[in-house]
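By convention in this document, chain letters (A, B, ...) are assigned in the order of the sequence lines, proteins followed by strands, and residues within each chain are numbered from 1.
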Number of protein chains: 2
Amino acid sequence: MPQVRPMRADARRNYERLLEVAAEAFAEHGENASLDDIAKRAGVGSGTLYRHFPTRQALLEAAYVDRIEAMAARADEFAAQLPPGAALVEWLGAVCAGAIQVRGLKALLGSAVTDGGSVADTACGTHMKDAARRLVEAAQREGSLRGDVEPVEVLRLAHGVASASELADGQGRQIRRYLSLLMDGLRPGGQA
Amino acid sequence: MPQVRPMRADARRNYERLLEVAAEAFAEHGENASLDDIAKRAGVGSGTLYRHFPTRQALLEAAYVDRIEAMAARADEFAAQLPPGAALVEWLGAVCAGAIQVRGLKALLGSAVTDGGSVADTACGTHMKDAARRLVEAAQREGSLRGDVEPVEVLRLAHGVASASELADGQGRQIRRYLSLLMDGLRPGGQA
DNA sequence: ACCTGAACACCGTTCAAGT
DNA sequence: ACCTGAACACCGTTCAAGT
């Protein structure tokens, strides 16, 4: 693993400034925020943005990778405090809430669980899938989750729940309701 | 209800040509297909497109309103052939499949079940909600669907299932699986 | 009454010229 | 080695001029 040469001081400054501004812009305007505008607000030429982040996806991921890591870390906090099934539900609720509040995050989470998505596995995808696997397997061992669903499927369905909640009121007020409908099923007789 | 004066012959030709081309373009490129390109391919000036369809949403809805009506009509066909619960599931599966195959349709269906969405209730929204209500209420009377879910919620959750299926493989191969996970729940012990 | 297409503003992307 | 910003292509939207 060869060390990456440290960036030149001005390059590093630009890089970090771009990330800050991009995180704001994506949160406010969604995944399609203007790249030109981001470059301008960061005080750099548009070419500099493309040098550091060749695609919109690369910038989106770089801007939110720390938030994704924080989300993945919360999985273990819930696991330490609650029984496995409840921990999974609480965590999925938090993931949905984040996906709705921070507008660009939903698209990033979506691409993280897309099969055959772009360039192999992204860092964000790996973090989320690892966290989901720990909670899912624990819940399955406990017997509170069906044995025939995969962690990535649970993440995809949670993404669907976030979409449905967004349609309901533009915010996240229905997340818990829709998540529990998913857990217990639409047919009568499920667990309350 | 005052009769709308019939359009001038050339206006009507343009209008219909625009609808044809738009349906193709949205199906191929999704909801963000270039309006300029649609006008060009229809052989009209861009101003003509805006005259007939002041917003992208208006064009999208006009281009697909017949497909939406056909979808709504299928609800009654399923209801005539199957018990209520099965009819609902089959219909939702067909809706999801359509939403994935015809790219612009998913966005339209989404906005049709969005609360507080744009201009009051759209024609598409009304058709879909009416059809859903008939199936949902029948299934609830039969006892195969929880009594505490509303038709529009079922449509939103189906939209979420379509999203999740799209993430899974870009096509619709997981629709039936995800739909039945939604019906029966992720906890063990649901109906097979 | 309706259509056209130029005009304007905006955005993504590349690349020659700079330091 | 890195940055800048002009240049190009493209798109959405409006509106004066046409028929």
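- Computed from coordinates, the L59(A) CG to dG12(C) P distance equals 11 Å when rounded to whole Å.
- Within the 4.0 angstrom heavy-atom criterion, base atoms lie near T48(A).
- Considering only the side chain of N14(B), dC3(C) comes nearest among dG12(D), dC3(C), dT13(C).
- In this structure dG5(D) sits in a base pair with dC15(C), meeting the Watson-Crick or G-U test at under 3.5 Å.
- Between E153(A) and R177(B) there is a salt bridge, since a side-chain N of the basic residue sits under 4.0 Å from a carboxylate O of the acidic one.
- Among the nucleotides dC2(D), dG12(C), dG12(D), the one closest to the side chain of R56(B) is dG12(D).
- Residue A39(B) is classed as having no contact, given no heavy-atom separation below 4.0 Å to the nucleic acid.
- Phosphate contact (OP1/OP2 of dC2(C), side-chain N/O of H52(B), threshold under 4.0 Å): absent.
- Between R13(A) and D10(A) there is no salt bridge, since no side-chain N of the basic residue sits under 4.0 Å from a carboxylate O of the acidic one.
- Per the geometry, NE2 belonging to H29(B) stands 12 Å off P belonging to dG12(D), to the nearest Å.
- Contact annotation: S46(A) does not reach the phosphate of dT13(C) (side-chain N/O to OP1 or OP2, under 4.0 Å).
- Comparing atom distances between the A11(B) side chain and each of dC3(C), dC2(D), dT4(C) picks out dC3(C) as nearest.
- Taking the six-membered ring where the residue is Trp, H52(B) and Y15(B) present perpendicular rings, their angle passing 60° and hence far from 30°.
- Listed candidates were dC3(D), dC2(C), dG12(D). Nearest to the side chain of Y50(B) is dG12(D).
- Distance, E16(A) CD to dC3(D) P: 12 Å, rounded to whole Å.
- Per the geometry, CZ belonging to F53(B) stands 15 Å off P belonging to dG12(D), to the nearest Å.
- Nearest-nucleotide positions on DNA chain D for P54(B) and D10(A) put D10(A) closer to the 5' end.
- Rounded to whole Å, atom C1' of dC10(D) lies 14 Å from atom CG of N32(B).
- Between E90(B) and R74(B) there is no salt bridge, since no side-chain N of the basic residue sits under 4.0 Å from a carboxylate O of the acidic one.
- Ion pairing between a basic and an acidic side chain is recognised when a charged N comes within 4.0 Å of a carboxylate O; K106(B) and E31(B) show no such pairing.
- Taking atom NZ of K40(B) as the reference point, atom P of dT4(C) lies 13 Å away to the nearest angstrom.
- One can place CG of D36(B) at 6 Å from P of dG12(D), the figure rounded to the nearest angstrom.
- Summarising the geometry, the separation between CZ on R51(B) and C1' on dA1(C) is reported as 7 Å, rounded to the nearest angstrom.
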